[in-house]
Amino acid sequence: MDEYQYQIDLLKALNQKVSGECEKYVALIDASGDAFLYYSYGEDICFATGNWEQFFDIQIKSFHDVSKLFSYVKEEDAEKLREVLYIDKDGDSPSSATCEFCKKDAEQWIQCDSHVMKDNAGKPEKKLLYFRDISKFRKQNNDLAYLAYYDSLTGLYNRNRFLQEIEQWIDKASREKAIFGVAFINLNDFRKINSGSGVLVGDELLRQFGQVLLKFCVDKTMICAHMNGDAFCIAIYDPYGERTIDHVYHKLVERLNNPFILADSQVSVTISVGVAEYPEAAQTASELIERAEIVMLREKREGQNGIRYFDAPVIYDYIQNAVIEHKLNDAVFEKEFLLFYQPQYDTEERFRGVEALIRWQDEDGRMVNPGDFIPIAEKSSLIVSIGKWVLEKAISTLAGWKQKFGVSLVMAVNISSVHFSQDDFVPHLMELIRKYEVEPEEIELEIAESVLADDFERVVRKLELLQHYGVQTAVDNFGVGYLSFSRLGKLPVHTVKIDKSLIGGMLKEEAGGIVVESMIAMLGRLGYETMAEGVEHQNQLDRLKKIGCEYVQGYLLGRPAPEDAMEILLDKQIWE
């Protein structure tokens, strides 16, 4: 009896243990949030467990009921699910498989894993189907993919995705012997809009312009992208009829005749467009885009508000620029670069100082025009190195002249916007002033309007810091850009240099003289010193003196000259 009771107690204990294990696994299954489907081949038993009801509103009594799942699945995913559900349909089928599918009536993505357990002979014994909701992970992946391939501001392709698409087009076009074009589009004067109206208005303009471009991309043979800042691209595969870049351009210009409504204001914009076609212009995606940008920049520089195609003359200029860029990279500063100096006087012809002007004699002995190499240097970090060399050379020369001639004069140096924007610009300048023991007020930095277009408030703070240290500053080429008197009045600068084109026109017509006279009067009331550039005739000097201009610079009183020639002039100034 005791033995019998012992067996009963043992069976109860084992039953409790098994029940406990089952409860534990059931709890784990329920807590997982997933659904499971079990099928036994030998017993022909099929049942669902876990959170099945949250996935599918169907009863599973036999494996035949599994076919009802297809009513939940989008048509394009049905075949994938079928392969996973019936993984064992072939004798040499694998033991496991996975697929992802999207439910018809909800944006719910489900991952289905199938695992078949086989006996020693390799015949299926049991099958387990495992369903998991992966909508959250899908969304995260989609968000990451969006960030990787799309521009968050405009919703267009970003530069990386556009490059990938163009690379695929090149492969396709090479097989099909087809052509396609890439247009690089730039919004003219966007910096002026961004600076004058604010970043939020500028961003809204970019967003709306991007939506205008998107309307042209009606199928996969037309794509557009926001490359960066105010730059966009559109590409058309196998163009014909109305599906050409030229047609899109004219339609775009027609739309731009109407202003954009931004906040409480209306903003009108124009565009400069450069076009490069495969395979004529380039053989790679990056080169194609680069060459479209090159002709856009040329159109922007020479015409603005037009379209230009990459052709033979442009190719020649491109090659020339590439040669200059290569030589610039290899240039030895002390051997190839030198400074010329142009004297500056007051209108009584008393010597004020000089402006340092860079010259480049390349390794072949050819003098390269600054207008040819400075823009190229500005597109790379080379302009910073060149700018630092110019600053140090000019300041060291000034120190040498002070010691040799015992005179104090102003050394004016042109500063590029790229160099001026460097965080270490002011510390580096002050270090040079201390190193060569010159006075801060003997240095005058000439900045172009392009410097002011980058970040006006940041530029003002830097100018205020320079003023605090005693360094003089001047606005160069005033009167031909967008800088207004109201914005000029906010700048802590000492001198305003009036562009030579205005000085050249002041004697040709009365209106020109009135403009210059009014400009000088206004600048004087704002507290700025005035200097006229490009003074070439005595009657110009006489007129400028009469209307109150303080300083002049030009061929009439002195051409740019190398250091030794300028020393002769300085020696003469001492004795006079």
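No experiment lies behind these values; they were computed from the predicted model shown.
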Tell me whether [X] at atom [atom1] has more than 12 heavy atoms from other residues, nucleotides or ligands lying less than 6.0 Å away.
X: Q538; atom1: CD; value: yes
X: E280; atom1: CD; value: no
X: K500; atom1: NZ; value: no

Residues that F420 engages under ring pair (Phe, Tyr, Trp, His ring centres under 6.0 Å), provided they are two or more places apart: F425
Within the 3.5 Å criterion, strictly below it, is a donor on [X] or [Y] matched to an acceptor on the partner's side chain?
X: T473; Y: E444; result: no
X: E293; Y: N186; result: no
X: Y436; Y: E392; result: yes
X: Q553; Y: K497; result: yes

Cation-pi geometry met for R159 and F162 (6.0 Å, 45°): no
Near-ring test Y157/Y150, centroid separation under 6.0 angstrom: yes
F232 and F209 aromatic centres sub-6.0 Å: yes
Parallel, tilted or perpendicular: ring planes of F337 versus W360, cut at 30 and 60 degrees: parallel
Q283 and E287: CA distance, side-chain angles, deciding distance, side-chain hydrogen bond (donor to acceptor under 3.5 Å, both in side chains) verdict: CA-CA 7 Å; Q283 300 295 314; E287 287 180 350; over 6 Å; no
Min side-chain heavy-atom separation F184-E290 under 4.5 Å: no
Note, I358 side chain near L338 side chain (heavy atom, < 4.5 Å): no
